[in-house]
Amino acid sequence: MKIWHGAAFLLFLSTAFSFASISPFKSTGSSYGTWQSLEPDAWASVWLIQAHIDPEANITIRPSGFELDVDTPFAVPGSDFVRDRSSSGFEKLLAKVETLDPTLIRMGEIVHAMESATWASGNDEAPRIVEQAFRTLQDRFDRDYVPVSCYGQFFNALYSSIEHDDSSDDLARNLNTTLASIESDCAWDRPENSGQVVRKEQNRVKSVEMSALLNAIANGQKVIFVDTRETQEFEEGRIPGAINIKLRNIDAHTVTQDLKSADIVVSYCLKDFRGYEVARKLLHHGVENSAVMDPHGYVAWRTLGLPIQTRNEEESVALAELNECAASWKKCLGQGRVQ
């Protein structure tokens, strides 16, 4: 069974183009905002803005009920782009797409069906398949802590399947393959000058400059590094003394008093997409000094030439090198060697 619906599609295409013709199009570098949500409509809308409406837009995500000081709020009550009985917020945002294509319109149908539960009746299997995969993604990262980039990769895969007119079986296979291939940093490719998607909370995760981090180590403060990557990556090379805790494993039992009593707990992955989510979850579980480093991630650490612990190296030796580097951190950072 193909996932297209001819008559309904043509009718919606005509309506969407009529709506788009009287609506403002892309505005470069504008600001968008929404509330933290688990709904596919909200995250599909984030993807749509970044991928098809305005790649340079800045998107703010705040806790439910907080004021959104942005140009364009979406998926929140009172917004022009919020779901109602007739359409999803995603579908309404299609009016801002400069070159609307049938694939996006079909995505809108699926998102609306997922939100309204209309897939429970009828012959359209796509909403059920997409919702099941979407829930699997959220369960993998404990729902509230899915990295934005992982949502981006998910909706990229959905777009690709629809664009290729995949059958229901192929759609399910493609989404499951995407879920299986998601790694530490979820490869959502965007231009270097693209805007940012930022979660803002009452207790935001701290960002600690590398110089301040090394200085804290030199001054004897208790700094714990949490490597959030997969076991094989961790074993191949890591920051000396780091412990390996994956996002999916963080709960009230794994967050020890040792973490809670540390002066700084620095979570990291390759580029800190996952690192930030782990830091955020640790904060939620009472690690008040949860942080990420600036510049971000293991890639930045290595690019700056800072010590690493390799697979066959004794931890004590690697820690001694790190402490030596921290003791003269200005010189150590100034070397800028790449390992």
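Residues Lys281 and Ser267 have side chains that never bring a donor and an acceptor to within less than 3.5 angstrom of each other. If you check the side chains of Ser167 and Asp169, you find no donor sitting under 3.5 Å from an acceptor. With no hydrogens or angles considered, a side-chain donor-acceptor pair links Asn174 and Ser161 at under 3.5 Å. Side-chain contact annotation: Ser31 with Asp71, donor-acceptor N/O pair under 3.5 Å present. When only modelled atom types and interatomic distance are considered, Ser88 and Glu91 share a side-chain donor-acceptor pair under 3.5 Å. When only modelled atom types and interatomic distance are considered, Arg199 and Gln36 share a side-chain donor-acceptor pair under 3.5 Å. If you check the side chains of Asn156 and Tyr151, you find no donor sitting under 3.5 Å from an acceptor. Side-chain N/O atoms of Ser261 and Lys222 include a donor and acceptor closer than 3.5 Å.
Rounding to the nearest 0.5 Å gives a distance of 5.0 Å between CD of Glu315 and CD of Gln309. In this structure, CG on Asp170 lies 10.0 Å from CD1 on Ile129, to the nearest 0.5 angstrom.
Aromatic ring centres of His52 and Phe155: separated by at least 6.0 Å. Taking the centre of each ring, Phe90 and Phe74 stay at or above the 6.0 Å mark.
Of the candidates Ile264, Leu306, Asp294, Ile264 is the only one forming a side-chain contact (heavy atoms from CB on, under 4.5 Å) with Leu213.
Using a 4.0 Å cut-off between charged nitrogen and carboxylate oxygen, Arg280 and Asp144 do not count as a salt-bridge pair. Salt bridge annotation for Glu109-Arg106: present, with a cationic side-chain nitrogen under 4.0 angstrom from a carboxylate oxygen.
A cation-pi arrangement is absent between Arg238 and Phe225, since the terminal nitrogen or guanidinium carbon is not both under 6.0 Å from the aromatic centre and inside a 45° cone about the axis.
Within the 4.5 Å cutoff, side-chain heavy atoms of Gln153 are placed close to those of Ser181. Residues Leu333 and Ser211 meet the side-chain proximity criterion, which asks for heavy atoms closer than 4.5 Å. Looking at heavy atoms from C-beta onward, Ile239 lies in side-chain contact with Trp301 at the 4.5 angstrom threshold.
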- Item | Candidate pair Thr254 and Asn249, rule side-chain hydrogen bond (donor to acceptor under 3.5 Å, both in side chains), full reasoning | CA-CA 7 Å; Thr254 57; Asn249 295 333; over 6 Å; no

- Task: Test side-chain contact (heavy atoms from CB on, under 4.5 Å) on Glu235 and Arg311 and set out the steps.
- Result: CA-CA 5 Å; Glu235 291 176 347; Arg311 180 185 294 273; 3.6 Å; yes

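Of all the heavy atoms in Phe234 and Ile243, the pair that sits closest is CE1-C, 4.0 Å.
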